[in-house]
There are 2 protein chains.
Amino acid sequence: MSITIKEIAEKANVSIATVSRALNNSPKVKEATKELIMNLAQEMNYSPNFVARTLVKKKTNVIGLILPEVAGEFFPEIIRGVDEISYLNKYHLFVASSHSERNTVDSILGFMSKSMVDGVILMLPSISEQIRDLIKRIKIPIVLINGYNNIEQVSSVGIDNFQGAYSITNFLIKNKGYNEIAFIKGPETNADARLRLKGYKAALKDNNIKINDEWIVEGNFTIKSGELAASRLLSLIKKPSAIFAANDMMAAGCYRVVDAMGLKIPDDVAVVGFDHIPLSEFLSPKLTTVHVPADEIGRKAAQLLLEIMGSENNIKPKHIKISTGLIIGKSC
Amino acid sequence: MSITIKEIAEKANVSIATVSRALNNSPKVKEATKELIMNLAQEMNYSPNFVARTLVKKKTNVIGLILPEVAGEFFPEIIRGVDEISYLNKYHLFVASSHSERNTVDSILGFMSKSMVDGVILMLPSISEQIRDLIKRIKIPIVLINGYNNIEQVSSVGIDNFQGAYSITNFLIKNKGYNEIAFIKGPETNADARLRLKGYKAALKDNNIKINDEWIVEGNFTIKSGELAASRLLSLIKKPSAIFAANDMMAAGCYRVVDAMGLKIPDDVAVVGFDHIPLSEFLSPKLTTVHVPADEIGRKAAQLLLEIMGSENNIKPKHIKISTGLIIGKSC
DNA sequence: CTGTTAGCGCTTTCAC
DNA sequence: GTGAAAGCGCTAACAG
């Protein structure tokens, strides 16, 4: 059994209250006794029981972070960002993965809200009605990470998917002169994916380019799906001269297929992506893509959460939109 | 304020004890009352206070994982492995990064051992005396992840660094006919790094190749340091014909330099790495490297920890060594 | 300055 | 079956 303040109190011949105060460095304890207690605690190898303290203080000093996945090229950067800020503010971070499953989310979210954390940052591929209700009911401070803001009452931070997709498409057209641009979509259920598609379409439209449905194929953000999509596009009779993949992973899939077909990027076909994951820098030729500052998202989310937790009365929910940038590689 | 069993008890006209029993589905509660209470709890949107329960049960159902870093190409895979197993066993996972700093480790480890977690998996670049003491003193179950076993009393899982380095070096010599193999070391303070160096040297020795100190340069596991090391090696009068980087990141650095110098891998110089990070598959030509099953390490560590936590009396510490494999790319 | 006391919310004997 | 009561280890009034 761990040792408790009671035992220290006995040895020091004081009450547990005094021990508690001394340990918390209260100014109203005589220096001598404080010192005595401190030494005793040290000797006895005392370490306070967090759970007990939490029970009475109602504060854990832990913030929770729920992500669809914890591995990959993208999520770890978010974790890093959140971790950085919470660490600076003396909070511990509790990371959990929802395993991309809906029903796991509420289990975890429930768990966290059961007084295990002081606040939660939640990132979901998309939000079901069920989750939406859950989120609204949760009493602890919460910040959403997403590329769209569909819950007014809950603060969020996200990137501007539309703008990012629009600008890289526009770049392809205006600066590089491509007119035949195909698009590999993300999953329909993913809100970010839908916005990127919108951005792509809008850019075409604004440049008076007709949208060719044959050139819009579905992917699911994995390398594999990028490969499939690329093979399909490149075996069309009327091939596109450029492919815009809705994320870098799928762009990487394109690279593989293009390579396997003995073609060259960008000579035979241009490829651009979205996310600017570390890998994109290593593709050769280097990928032109939309920079999504994942660590910045994490930092902003953490800051926002801390801000909410710090303010007594519920402040008005904020929605922060982080803008993307263009990374010019050699793939177009 | 959240609602408590007391309030349910009042509404149901029973004692809190009964509510507690009903909620825990105790068989000694009449079906009728149980149902009544369950419904009430549902209606009132009750959710149990984990902290209070933990305080009395002394079990959190959370396991902690401490890593040097949470981002990168390698650590997330470990997290994934641990997460997988703990999830299956209905444990929650608490991930924390020690930010590669020594004095943060004890802060976190201390935090976790203060009854916040039932067990800890700890990965450290190296273990100082201070940490070693701390680890020995911790009362909760603990499993170390490392490539060496230097604390007998504490269970561990790690990979066979020596064997991995030995076999890829041997492969280079025996199967590929290279005799002039340079080595880019990891940091001196890193135990894994030291073992890899040993493996490299042993392989050379066993093949009667003299060790050339000029061809052993120091790196620190980053891309940048790989670049520096490669430039140094490739500007020697007597250049090596192959470079073995102690991790893939540094190998990636070599790729950059070789490319920048207008040379070709493997024609002008071969490059091999260690870790088999996802990125290595995308380098072109594909990197030949030592496969380190990070997710498997995570899984094994979690299994071991669960096993320890499950057994009443302290069982004898186990030391699991996971063997590496060779990934044959086109870089040599 | 220090001790007494009342909880925090829940579980768990021990009675009835 | 159910209730009363005693804590888990700690903090925070309230007295003195």
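These values consider heavy atoms only, across backbone and side chains, with no hydrogens, waters or symmetry-generated copies. Everything numeric in this text was worked out from a predicted model, so none of it was measured. Below, read A as the first sequence line, B as the second, and so on, with proteins coming before strands; counting in each chain starts at 1.
Using a 4.5 Å heavy-atom cutoff, the side chains of R53(A) and P48(A) are in contact. The closest side-chain heavy-atom distance from L65(A) to L67(A) is below 4.5 Å.
To the nearest 0.5 angstrom, L55(B) atom CG is 14.0 Å from F50(A) atom CZ. Atoms CG and NE2, on N146(B) and H319(B) in that order, are 9.0 Å from each other to the nearest 0.5 Å.
Residue-to-nucleotide proximity on DNA chain D shows that, of L23(A) and K57(B), the 5′-proximal contact is made by K57(B). Heavy-atom nearest nucleotides on DNA chain D were determined for T18(B) and for A52(B), and the one closer to the 5' end corresponds to T18(B).
One can place CE of M116(B) at 16 Å from P of dG9(D), the figure rounded to the nearest angstrom. Between the C1' atom of dG3(C) and the NZ atom of K6(A) lies a distance of 16 Å, rounded to the nearest Å. Look at CD1 on I5(B): it is 12 Å from C1' on dC8(C), rounded to the nearest Å. Taking atom NZ on K59(B) and atom C1' on dT11(C), their separation rounds to 16 Å, with Å as the unit. In this structure, the CZ atom of R53(B) is 13 Å from the C1' atom of dT12(C), given to the nearest Å. The distance between atom CG of N61(B) and atom C1' of dC10(C), rounded to the nearest whole Å, is 16 Å. Atoms CD1 (I8(B)) and C1' (dT2(D)) sit 17 Å apart, rounded to a whole Å.
Summarising the local packing, CD of Q42(A) is surrounded by 12 or fewer heavy atoms from other residues, nucleotides or ligands at distances under 6.0 Å. The number of heavy atoms from other shown groups lying within 6.0 Å of NZ (K59(B)) is above 12.
Side-chain N/O atoms of T33(A) include one lying less than 4.0 angstrom from OP1 or OP2 on dT2(C). For dG9(C), the OP1/OP2 oxygens have no side-chain nitrogen or oxygen of Y46(B) closer than 4.0 Å. For N49(B), no side-chain nitrogen or oxygen approaches OP1 or OP2 of dC8(C) to under 4.0 Å.
Judged by distance alone, with hydrogens and angles left aside, R21(B) brings a side-chain donor or acceptor within reach of the base of dT13(C), the pair sitting under 3.5 Å.
The bend of the helix from dC1(C)-dG16(D) to dC16(C)-dG1(D), defined by the angle between the axes of its first five and last five pairs, stands at 40° to the nearest 10°.
For K58(A), the listed nucleotide lying nearest its side chain is dC8(C); candidates were dC8(C), dC10(C), dG9(D). Proximity note for V14(B) (side chain, C-beta onward) versus dG3(C), dG3(D), dT2(D): the nearest is dG3(D). The side chain of L55(B) approaches dG9(C) more closely than any other nucleotide in the set dT2(D), dG9(C), dG3(D). For I16(A), the side-chain atoms get nearest to dT11(D) when compared with the rest of dT11(D), dT11(C), dC8(D). The nucleotide whose nearest atom lies closest to any side-chain atom of S15(A) is, among dC10(D), dT4(C), dC1(C), dT4(C).
Among the atoms of the strands shown, base atoms are found under 4.0 Å from some heavy atom of V56(A). Counting non-hydrogen atoms under 4.0 angstrom, S20(B) reaches a base of the nucleic acid. Within 4.0 Å (heavy atoms only), K28(A) reaches at least one base atom of the nucleic acid.
Side chain of T18(A) to backbone of V14(A): no donor-acceptor contact under 3.5 angstrom is found.
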Legend entry - Chi angles and distances behind the side chain to side chain contact (heavy atoms under 4.5 Å, CB included) call for M38(B), E35(B): CA-CA 5 Å; M38(B) 287 303 206; E35(B) 206 165 308; 5.6 Å; no
